[in-house]
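See structure below.
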Amino acid sequence: MAVRSPQRAVVVGGSMGGLTAGLLLRELGFEVDVFERSPLPLEGRGAGIVLQPDTIRWFAEHGGTEAVERVSTGSSHLRYLGPDDEVRYDEPSRWRFTSWTATYRALLADLGTGGYHLDHHVAGLDHDDREVTLRFTNGRVERADLVVFADGISSTGRRRLLPEVTPRYSGYVGWRGTVPEGEVSHRTHDLLHDSVTYATAPRTHIVMYPIPGRDGGTAVGARDLNYVWYRNVAEGPELDEMLTDKRGFPSPVSVHPGQVQDRYVDELRASAREVLPPAAAELVVRTEQPFIQPVLDIEVPHMAFGRVCLIGDAAFAARPHAAAGTAKAASDAWALADALRDTDGDVVPALEKWEPGRLEVGRNLLARVREMGRHYQVASDADPADRNLRFGLYGPDH
């Protein structure tokens, strides 16, 4: 596609969705700048990621399978553990996993740092049929033909464009952490190192899988074992207190590693010993700095606004049960590139073409993960053989 000159795109948000969008727009011929609000590179954010086809599509198409292998590790089983670590269910199931940091570094290396700007907070925007103007808190003003907000669950773009849309709390939080696989017992390693492993109990569940190690190691023995333990917490004062960090600041999206109040970490470890199978409990107890993310739903009525669009969690934020958040952000970016290609870079009709399909994907994913959460966290009737409980952006195993 020959983008008509001048065509400039600004991406707000420098995580994986924003980096993917920036790479694809630049490949189409746009002049691209990516602005990230963090003052430091986003090393160490998040934990494990399940690699679905859209997540790894950039690497697969631009670096081949070797590029995918460098940032990921895999497993060959789906497994459910019983109270005493007995294997209640096991079936062949191949997935690949990465760490947030490994994929972020790889995408940023492909983009380069010349057009990647840290410590830039968007404060406001104006847009009309000709251009978009962004104003930053440091006084910088940027004008562009296309602006993509990929700034996550606390998106400034969404707040400015759709102030009536607010996150809805699911009724439970996700405790997350990682442990080097060399630090767990042989029994625990044997159960967890080659599988996506679940354990369930009344009104709670935990999911575990291997990811690249903190130094990027992907070989068995050099990786981390990652988990998310979902625990019900009542909305209101109880949740607000838990989401207040050690400094006394409210953290409505995530209480970061090292900032969770010690009393909650102590209670987490004690409960793990009582509620979880020994292998799962060992992961939780051995985690030096677990962190908390309230599980939220966000649904938007629109994703396109003339020359501005929302992608990823800036639009639809879905519970993690389908392991599809990163895949959805990447999918939004790939679909945007396709729409721009089909319209020869004409931004407004491209966004009009792009929006309906992305709204459908977001709504379908939200409906699906809400039902998954109901089985695991409310009814406690999750059946390991139920294919509707499988990972996948577009459906089970898909």
Side-chain angles (χ1 to χ4, degrees), residues 7-26 28 30-38 42 45 104 107 111 115-129 131-138 140-167 253 296-318 325-337 339-340 347-348 350-359 361-362 365:
Q7 286 273 80
R8 183 160 186 268
V10 166
V11 179
V12 179
S15 185
M16 281 177 283
L19 288 171
T20 302
L23 286 163
L24 292 170
L25 290 170
R26 188 175 67 182
L28 288 175
F30 282 84
E31 297 177 3
V32 178
D33 283 282
V34 178
F35 292 93
E36 166 55 44
R37 61 190 163 207
S38 172
L42 302 179
R45 297 287 181 92
Y104 167 78
L107 289 169
L111 182 74
Y116 189 83
H117 311 279
L118 295 169
D119 202 16
H120 278 75
H121 298 252
V122 171
L125 77 155
D126 295 316
H127 58 109
D128 56 31
D129 59 352
E131 68 174 7
V132 186
T133 301
L134 294 177
R135 296 180 295 278
F136 295 81
T137 56
N138 61 6
R140 185 168 185 160
V141 176
E142 293 287 337
R143 293 177 174 82
D145 302 283
L146 168 64
V147 169
V148 178
F149 278 98
D151 51 344
I153 202 165
S154 56
S155 170
T156 298
R158 185 181 62 245
R159 292 200 307 272
R160 296 292 181 269
L161 296 162
L162 296 168
E164 72 281 7
V165 173
T166 56
V253 172
L296 306 171
D297 295 334
I298 298 176
E299 182 172 0
V300 294
H302 300 287
M303 294 172 64
F305 310 82
R307 293 180 172 273
V308 182
C309 67
L310 307 174
I311 70 170
D313 285 349
F316 287 86
T326 304
K328 186 176 70 65
S331 175
D332 287 343
W334 280 96
L336 175 61
L340 285 163
V347 170
V348 174
L351 292 186
E352 290 173 351
K353 177 184 179 69
W354 168 82
E355 183 185 50
R358 306 324 300 168
L359 290 172
V361 169
L365 177 61

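Predicted, not measured: the structure shown is a model, and the values here were computed from it. One-based numbering along the sequence shown.
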Between OG1 on residue T156 and CG on residue L125, distance to nearest 0.5 Å
10.0 Å
Say you draw a straight line from CH2 of W354 to CH2 of W334; how long is it, rounded to the nearest 0.5 Å?
15.5 Å
What I want to check is whether the side chains of R37 and H120 have a donor and an acceptor closer together than 3.5 Å.
no
Would you check if V308 and F149 make a side-chain contact, meaning some heavy-atom pair closer than 4.5 Å?
yes
With no hydrogens and no angle check, is any side-chain donor or acceptor of Y104 less than 3.5 Å from a backbone partner on S15?
no
Do V12 and V147 touch side chain to side chain, with heavy atoms closer than 4.5 Å?
yes
Hey, does R26 have a side-chain heavy atom less than 4.5 Å from the side chain of E31?
no
What do the steps show when you test D33 against Y116 for side-chain contact (heavy atoms from CB on, under 4.5 Å), and what is the final call?
CA-CA 6 Å; D33 283 282; Y116 189 83; over 6 Å; no
Looking at every non-hydrogen atom in both residues, tell me the closest pair between S155 and L310 and how far apart they are.
OG-CD2, 4.5 Å
Tell me every residue that passes side chain to side chain contact (heavy atoms under 4.5 Å, CB included) with S331, counting only those two or more places apart in sequence or in another chain.
D54, R358, L393, Y394
Donor-acceptor pair, distance only, cut-off 3.5 Å: does the side chain of D332 make one with the backbone of G312?
yes
Considering non-hydrogen atoms only, spot the tightest contact between E36 and S38 and give its length.
OE2-N, 2.9 Å
Could you walk me through whether D126 and D128 pass the side-chain contact (heavy atoms from CB on, under 4.5 Å) test, one step at a time?
CA-CA 7 Å; D126 295 316; D128 56 31; over 6 Å; no
Could you tell me whether the side chain of R160 and the main chain of A123 form a donor-acceptor pair under 3.5 Å?
yes
Do any N or O atoms from the side chain of R158 and from the backbone of A314 form a donor-acceptor pair under 3.5 angstrom?
yes
Any salt bridge linking R8 with E142? Criterion: basic side-chain nitrogen under 4.0 Å from a carboxylate oxygen.
yes
Measure the spacing between NE2 of H302 and CG of L351 and express it to the nearest 0.5 Å.
13.5 Å
Using side-chain contact (heavy atoms from CB on, under 4.5 Å), reason through L146 and V132 one step at a time and then give a plain yes or no.
CA-CA 7 Å; L146 168 64; V132 186; over 6 Å; no
Minimum side-chain heavy-atom gap V148-V10 below 4.5 Å
no
Strictly distance-based, threshold 3.5 Å: is any side-chain N or O of R307 a donor or acceptor partner for the main-chain N or O of D145?
yes
If you take all heavy atoms of E352 and P356, which pair is closest and at what distance?
O-CD, 3.2 Å
Tell me, with the steps shown, if F136 and H121 meet side-chain contact (heavy atoms from CB on, under 4.5 Å).
CA-CA 5 Å; F136 295 81; H121 298 252; 5.8 Å; no
Here the pair of heavy atoms bringing V253 nearest to S154 is CG2-CB, 4.4 Å
When rounded to the nearest 0.5 angstrom, what is the spacing between OG1 in T166 and CD1 in I298?
8.5 Å
In short, A350 meets A339 closest at the heavy-atom pair O-CB, 3.5 Å
I311 CD1 to L336 CG distance, which is reported to the nearest 0.5 Å
7.5 Å
In this structure, CD of E299 is separated from CG of L365 (nearest 0.5 Å) by 11.0 Å
Can a donor-acceptor pair be found, under 3.5 Å and without considering hydrogens, that links the side chain of K328 to the backbone of F316?
yes
For A333 against G17, the heavy-atom pair lying closest together:
CB-O, 4.5 Å
Spell out, as yes or no, whether a donor-acceptor pair under 3.5 Å connects the side chain of Q7 to the backbone of F30.
no
Could you tell me whether the side chain of R143 and the main chain of L134 form a donor-acceptor pair under 3.5 Å?
no
Under 3.5 Å donor-acceptor, E355 side chain and M303 backbone
yes
Report yes if the side chains of E164 and V300 come closer than 4.5 Å at any heavy-atom pair, otherwise no.
no
